[in-house]
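To keep things clear, I will list the structure first and then write my remarks on it.
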Amino acid sequence: MGVAEEVADAVTDGTAGTGGTSGSGAEDAREGGTPGREYRMEELARAAGITVRTVRFYRERGLIPPPRREGRIAWYDDHHLARLRTIAALLERGHTLQGIAELAEAFEKGRDVAELLGIDGPSEETPVRLTPEELADRFAGEVTPENLAAAMEFGYLGTDGDDIVHISRRLLDASATLVRKGVPLVAVMEAGQRIREHADALAELLLSFTLEHAAEHPELTVEELRPLAKSVVEAELSLALDRRLHQA
DNA sequence: ATTCTTACA
DNA sequence: TGTAAGGA
């Protein structure tokens, strides 16, 4: 708690913990002031509002990636700083160090998924970029390493730099709403998977339909049909729901 | 002399 | 986590 508060202070007014105004002439690392810059151990610690010892402690627990080593000195960058801020924020939200460590591990594993998300063609679904803290807020108590790994496995979540990216605003909102109402996130994701399978089948149907008629009707592209397909599927879904409800 | 690690409390 | 001691 003390740590997190100091970080909060540092972020807010730019002054970190114990009055470190000793005239060594070292520059303060300000919020987003110098991206791409590298930090020495002490600089990093000061920028994050924690002690050098704590940084080392986190590193021993695998909470932050190893620094770049240049002979004797360890160089840290913005990623490390961002990670430290994230750790502090998650700690403040009641996460345990152990839990954060596992989260970090799952986070590292999904690093390469970012490309999968980035190179998306035209889609109406807008990706949502959010920090680990924001994610923890949206799914209070459900942000476990297991769930995080599963979400990445399913392709809902990826990472971009130090941010997390959800592939779809609407899916994110829907799942967050369900979780807020008490549905376990795992259940939501499993249901989502099954729905996706059917959606894939529908998409395949649309594609083959397009191909079948492409010869005679060149203006019949998938993108032309997208809004039509959407309204057809939505209408059929409504009707299907009606049938189930009325007969039950 | 400085920066970082190891070891102990 | 603080701190003292020691390697490079």
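Every chain is numbered from 1, with letters handed out A, B, ... down the list of sequences. Note that these values count all heavy atoms, side chains included, but never hydrogens, waters or copies made by symmetry. Source: prediction; values computed, not measured.
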Between A:Thr51 and C:dT1, is there a side-chain N or O to OP1/OP2 distance below 4.0 Å?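 Answer is no, no contact under 4.0 Å.
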Phosphate OP1/OP2 of B:dT3: any A:Arg40 side-chain N/O under 4.0 Å: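 For B:dT3, OP1/OP2 do have a side-chain N/O of A:Arg40 under 4.0 Å.
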Would you kindly give the [atom1]-to-[atom2] distance between [X] and [N], to the nearest whole Å?
X	N	atom1	atom2	answer
A:Ile73	B:dT2	CD1	C1'	10 Å
A:Tyr39	B:dC4	OH	P	15 Å
A:Tyr76	B:dT3	OH	P	14 Å
A:Trp75	B:dT2	CH2	P	16 Å
A:Arg68	B:dT3	CZ	P	16 Å
A:Phe57	C:dT3	CZ	C1'	16 Å
A:Met41	C:dG2	CE	C1'	14 Å

Going by heavy atoms in the side chains, are A:Arg129 and A:Asp160 under 4.5 Å from each other?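 Yes - at least one pair of side-chain heavy atoms lies under 4.5 Å apart.
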Less than 4.5 Å apart, any side-chain heavy atom of A:His166 and any of A:Leu135?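 A:His166 does not reach A:Leu135 side chain to side chain.
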What does C:dA8 pair with, Watson-Crick or G-U, if both distances are under 3.5 Å?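 Across any shown strand, C:dA8 pairs with B:dT2.
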Heavy-atom donor-acceptor pair, A:Arg53 side-chain to C:dT3 base, under 3.5 Å: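 Such a pair exists between side chain and base.
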Starting from the 5' end of DNA chain C, give me the residue, A:Arg72 or A:Leu97, whose nearest nucleotide shows up first.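 That would be A:Leu97.
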Tell me yes or no: between the side chains of A:Arg59 and A:Tyr76, is some donor less than 3.5 Å from an acceptor?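 Yes, because at least one side-chain N or O of A:Arg59 sits under 3.5 Å from a partner of the opposite role on A:Tyr76.
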Short N-O contact, A:Arg40 and A:Glu43, less than 4.0 angstrom: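 Between A:Glu43 and A:Arg40 there is a salt bridge, with a charged N closer than 4.0 Å to a carboxylate O.
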